[in-house]
Amino acid sequence: MKKITLLATLFISVLGYSQIEFIETARTEVVAHVEFVYIEKVGDESYSLFYKNINDPINEYVSFSFKNEDNDFEKLHQFLISGFENPGQVYKIKANGDAVYFRYERQDDNEVKVQIKQYVSRDPDVTTVSKFITLDEVNKLF
């Protein structure tokens, strides 16, 4: 009788751990995409900007997210556009508690481009960097 009770208890406990639990996730959609950068809308109120990290040999995508409170999506667009007027500068925003840098540089063809730079896991030695993006590509994203 003890063996039957023990087996029944083990069988019931195994069934309890093998159950699938469904987790509800927010709906996501890609808002805009240019070659190696895209913006994704998460749910109804937040956005994520993804870019390929050129410092990684497999070019993994890295992102930062922000809520669209007080029209922050449009403010980010205006912020990025304003940097093209003064190349050679580095601008910084804070997203998810992380600092994200935008470096504007005039290229050899005299075109101003922006590069996204972000430190990973608050470690100053590990940075992610995007390829350079033109003003037209920034406008396509937004």
Side-chain angles (χ1 to χ4, degrees), residues 3-142:
K3 290 181 182 180
I4 293 174
T5 306
L6 179 64
L7 285 174
T9 305
L10 287 175
F11 182 71
I12 291 171
S13 66
V14 168
L15 285 178
Y17 287 113
S18 65
Q19 296 298 314
I20 296 174
E21 182 179 344
F22 291 96
I23 301 171
E24 192 169 327
T25 58
R27 190 184 89 240
T28 61
E29 66 178 275
V30 175
V31 175
H33 184 271
V34 292
E35 191 177 346
F36 44 82
V37 179
Y38 67 95
I39 296 178
E40 189 174 82
K41 186 175 182 181
V42 181
D44 292 332
E45 58 189 47
S46 65
Y47 291 88
S48 295
L49 190 142
F50 290 85
Y51 59 92
K52 277 193 178 182
N53 178 17
I54 62 173
N55 283 346
D56 187 352
I58 60 171
N59 286 328
E60 72 172 330
Y61 276 94
V62 181
S63 70
F64 65 89
S65 301
F66 60 94
K67 290 191 178 205
N68 191 24
E69 297 172 350
D70 197 29
N71 205 18
D72 288 339
F73 183 75
E74 185 60 33
K75 286 180 182 177
L76 178 61
H77 182 218
Q78 294 305 317
F79 174 79
L80 289 172
I81 289 175
S82 68
F84 283 93
E85 298 168 3
N86 194 9
Q89 297 291 324
V90 176
Y91 297 90
K92 180 172 87 169
I93 65 169
K94 199 167 194 173
N96 291 350
D98 293 332
V100 181
Y101 298 87
F102 299 94
R103 183 173 68 112
Y104 294 84
E105 185 178 292
R106 190 171 300 280
Q107 301 288 304
D108 293 335
D109 59 357
N110 208 25
E111 185 176 22
V112 177
K113 295 183 179 181
V114 63
Q115 185 177 48
I116 305 166
K117 184 177 183 179
Q118 187 176 1
Y119 293 102
V120 178
S121 303
R122 311 221 192 292
D123 185 351
D125 294 333
V126 181
T127 59
T128 61
V129 180
S130 74
K131 292 182 180 179
F132 282 96
I133 306 168
T134 65
L135 176 61
D136 289 338
E137 290 172 327
V138 169
N139 285 328
K140 286 179 186 176
L141 285 172
F142 291 89

Asn110 side chain near Arg106 side chain, heavy-atom distance below 4.5 Å: yes
Let me see the working for Ile39 and Phe50 under side chain to side chain contact (heavy atoms under 4.5 Å, CB included), right down to the final yes or no. CA-CA 6 Å; Ile39 296 178; Phe50 290 85; over 6 Å; no
Do Phe84 and Tyr104 have ring centroids that are under 6.0 Å from one another? yes
Got a sec, which residues hit side chain to side chain contact (heavy atoms under 4.5 Å, CB included) with Val42, two or more places apart in sequence or on another chain? Ala26, Thr28, Glu40, Ser46, Ser48
Test of ring centre spacing under 6.0 Å for Tyr61 and Tyr38: yes
Kindly write out the residues that satisfy salt bridge (Lys or Arg N to Asp or Glu O under 4.0 Å) with Glu105, not counting sequence neighbours, or none if the list is empty. Arg103
To the nearest 0.5 Å, what is the distance between CZ (Phe36) and OH (Tyr51)? 12.5 Å
With a 6.0 Å cut-off on the ring centroids, do Phe73 and Tyr47 count as close? yes
I want to check something: taking the side chain as every heavy atom from C-beta on, are Thr128 and Asn55 in contact at a cut-off of under 4.5 Å? no
Strictly by salt bridge (Lys or Arg N to Asp or Glu O under 4.0 Å), give each pair with a member in residues 45-56 just once, sequence neighbours left out. Glu45-Lys67
What residue pairs, at least two apart or across chains, pass salt bridge (Lys or Arg N to Asp or Glu O under 4.0 Å) with a residue in residues 69-90? Asp70-Lys75
Check for a donor-acceptor pair, side chain of Asn53 on one end and backbone N or O of Ser130 on the other, with a separation under 3.5 Å. no
Return the CG to NE2 distance between Asn71 and His77, rounded to the nearest 0.5 Å. 12.0 Å
Taking only residues two or more places apart in sequence, or in another chain, which ones meet Lys113 in a side chain to side chain contact (heavy atoms under 4.5 Å, CB included)? Gln107, Glu111, Phe132, Thr134
If you compare all heavy atoms of Ile54 against all heavy atoms of Lys131, which two are closest, and at what distance to 0.1 Å? CG2-CG, 3.5 Å
For a quick test of reading the model, state the closest non-hydrogen atom pair linking Ala95 to Phe64 and the distance between them. CB-CD1, 3.6 Å
When you compare the side chain of Phe102 with that of Ile93, does any pair of heavy atoms fall below 4.5 Å? yes
Does the Gln118 side chain pair with the main chain of Val100, one donor and one acceptor, at a distance under 3.5 Å? no
Is the distance between the ring centroids of Tyr101 and Tyr119 under 6.0 Å? yes
Begin from the C-alpha positions of Leu49 and Val37 and carry the test side chain to side chain contact (heavy atoms under 4.5 Å, CB included) through to its verdict. CA-CA 7 Å; Leu49 190 142; Val37 179; 4.1 Å; yes
Under 6.0 Å from the CG atom of Asp109, do we count more than 12 heavy atoms belonging to anything else shown? yes
Would a 4.5 Å heavy-atom cut-off, applied to side chains only, mark Ile133 and Ile116 as touching? yes
Name all residues meeting the salt bridge (Lys or Arg N to Asp or Glu O under 4.0 Å) criterion together with Glu35; count only those two or more places apart in sequence or in a different chain, and write none if there are none. none
Does Lys41 have more than 12 heavy atoms from other residues, nucleotides or ligands lying within 6.0 Å of its NZ? yes
